[in-house]
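The next block holds one structure in the form of structure tokens; read it before the comments.
Position 1 is the first residue of the sequence, and the numbers go up from there. The basis for the numbers below is simple: all heavy atoms, side chains too, and nothing from hydrogens, waters or symmetry mates. Because the structure is a prediction, the values reported are computed rather than measured.
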Amino acid sequence: MSAPCQQPAAPPAASVPPLPPPPAARRPAVDWRIRFAALSLIWGFSFLLIKVGTQGFAPFQVTLGRLLAGTAVLAVAMAMRRERLPRSARTWGHITVAAFFLNALPFSLFSYAELTIPSTLAGICNATSPLWGMALSVVALSEDRPTRRRVAGLGVGFLGVLTVLGAWQGFSGLDLPGTGMALLASFSYAVGWIYVRRTLAGTGSSTLTLTGSQLFIGTLQLAVVTPVFTSAPDTFPLLPTLSVLALGALGTGLAVLLQYGLVQEVGPTTGQMVTYFIPVIATAAGVALLGEQLTWNTPVGAVIVLAGAALTQSRPSAATARARTAGDRTKRLSRT
């Protein structure tokens with residue numbers, strides 16, 4: 001999921017390390033609004049592609065195939081832009097940890113989750129990542145001070161999750177293991193973003209280089225794990241195979257390039273707004289194309305989750321920030 005400079009929101013594809021983007025060289029031929037819409041569609045349909053992929057392959061195989069295809073796309077982009085790989089062993093160590101929390105683990109968890117839960121629910125669970133990120137950043141990032149608005153957003157988002165899950169019904173009819181894995185995947189994104197922000201923000205490598213390296217390491221991690229827990233597929237059914245390839249090439253490769261360009265052109269705040277369209281598109285795709293059932297509490301809870309996520313990502317105005325700083329200064333003086 002993921003934009004440089006700010007705490008990113010949760011994409012279901014490769015997450016971009018939060019580094020300052022390089023200055024844009026020339027204006028792209030395609031308007032940024034069209035690319036924004038394309039990115040929203042690609043990531044929104046990712047959950048449908050995961051569901052179709054798991055109908056023909058084991059979850060680990062779906063994740064490995066998606067990482068292979070995504071890495072290939074970014075490798076081509078890096079070669080065309082003559083990007084250099086990181087040289088520091090320390091940087092590669094941090095990339096290895098980031099690949100686990102931002103790619104290998106959440107991608108696998110979502111694939112396993114969609115064996116038992118609808119793609120619509122998986123897409124909505126993905127939208128909880130900003131809530132996990134806000135809660136964790138208060139502890140892990142000293143510069144992220146909790147505000148009343150952000151704490152309120154966390155509470156609103158939690159209420160939305162309970163609404164989606166139907167807590168008043170005792171979670172009846174809900175597959176708890178599958179839903180738990182989807183929520184854990186979203187939590188993993190938040191852990192990974194914070195780790196990247198603390199460890200890779202000053203390496204000097206571009207966001208594209210770090211993301212491509214991250215996907216490559218994630219592919220190696222899955223290449224080790226997949227043969228241990230699965231056997232080689234006997235057949236390659238057409239639709240699941242195409243879904244996995246599209247999931248990797250589009251949702252994990254092309255989407256990263258689109259977001260990379262958007263952040264360069266319009267900034268991270270606008271770039272990360274794509275997160276709020278993902279569950280809407282994922283829900284529409286699951287209902288329309290897969291015939292998944294939708295009860296009233298799912299869309300209502302999704303709206304509440306997104307409202308809470310928006311609050312946690314909001315920043316106080318300049319006047320409010322100055323007033324808070326002045327208040328803190330007055331308190332310190334009164335204690336001396």
Under 3.5 Å, side chain of [X] to main-chain N/O of [Y], donor-acceptor pair present?
X: Ser46; Y: Ile42; answer: yes
X: Gln61; Y: Ser231; answer: yes
X: Thr128; Y: Cys125; answer: yes
X: Ser188; Y: Leu184; answer: no
X: Gln259; Y: Leu39; answer: no
X: Thr163; Y: Asn297; answer: no
X: Thr226; Y: Ala223; answer: no

Kindly indicate whether the side chain of [X], heavy atoms from C-beta on, has any atom under 4.5 Å from the side chain of [Y].
X: Leu121; Y: Thr298; result: no
X: Leu49; Y: Val244; result: no
X: Arg66; Y: Ile50; result: yes
X: Pro106; Y: Phe187; result: no
X: Thr91; Y: Leu210; result: yes
X: Pro59; Y: Leu115; result: yes
X: Val73; Y: Thr252; result: no
X: Ser108; Y: Phe60; result: yes

Give me the atom names and distance for the closest heavy-atom approach of [X] to [Y].
X: Leu257; Y: Ala77; result: CD2-CB, 3.8 Å
X: Leu222; Y: Pro227; result: O-CD, 4.2 Å
X: Gly160; Y: Val305; result: C-CG2, 3.5 Å
X: Pro86; Y: Ile95; result: CG-CD1, 4.0 Å
X: Gly123; Y: Ala282; result: CA-CB, 4.1 Å
X: Ala98; Y: Val196; result: CB-CG2, 3.5 Å

Checklist line | Ring geometry between Phe57 and Phe236 (parallel below 30°, tilted from 30 to 60°, perpendicular above 60°) | finding: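 Tilted: the ring planes of Phe236 and Phe57 meet at 30° to 60°.
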Check your understanding: Aromatic rings Phe216 and Trp92: how do their planes relate, parallel, tilted or perpendicular, breaks at 30° and 60°?
Key -> perpendicular
Is [Y] reachable from [X] through a run of hydrophobic residues whose side-chain heavy atoms are each under 4.5 Å from the next?
X: Trp43; Y: Leu242; value: no
X: Val228; Y: Leu220; value: yes
X: Leu208; Y: Leu67; value: yes
X: Leu159; Y: Trp132; value: no
X: Leu183; Y: Ile278; value: no

Grouping ILVMFWY residues whenever side-chain heavy atoms fall under 4.5 Å, the cluster of Val287 otherwise contains Leu294
Residues passing the side-chain hydrogen bond (donor to acceptor under 3.5 Å, both in side chains) test with Thr96, sequence neighbours excluded, are none
Check your understanding: Of all residues at least two apart in sequence or in a different chain, which pass the side-chain hydrogen bond (donor to acceptor under 3.5 Å, both in side chains) check with Glu83?
Key ->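 side-chain hydrogen bond (donor to acceptor under 3.5 Å, both in side chains) check on Glu83 returns Ser206, Thr209.
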For the [atom1] atom of [X] and the [atom2] atom of [Y], what is their distance to the nearest 0.5 Å?
X: Leu109; Y: Tyr189; atom1: CG; atom2: OH; result: 9.5 Å
X: Phe47; Y: Ile281; atom1: CZ; atom2: CD1; result: 11.0 Å
X: Thr219; Y: Ile217; atom1: OG1; atom2: CD1; result: 9.0 Å
X: Glu114; Y: Leu48; atom1: CD; atom2: CG; result: 8.5 Å
X: Thr63; Y: Tyr112; atom1: OG1; atom2: OH; result: 8.5 Å
X: Ser111; Y: Lys51; atom1: OG; atom2: NZ; result: 10.5 Å

- Task: Show your working on side chain to side chain contact (heavy atoms under 4.5 Å, CB included) between Phe45 and Leu250 and close with a plain yes or no.
- Result: CA-CA 10 Å; Phe45 270 85; Leu250 299 179; over 6 Å; no
In sequence, state the C-alpha distance, the side-chain angles, and the governing distance for Ser186 and Phe110, and then conclude on side chain to side chain contact (heavy atoms under 4.5 Å, CB included). CA-CA 9 Å; Ser186 300; Phe110 272 123; 3.9 Å; yes
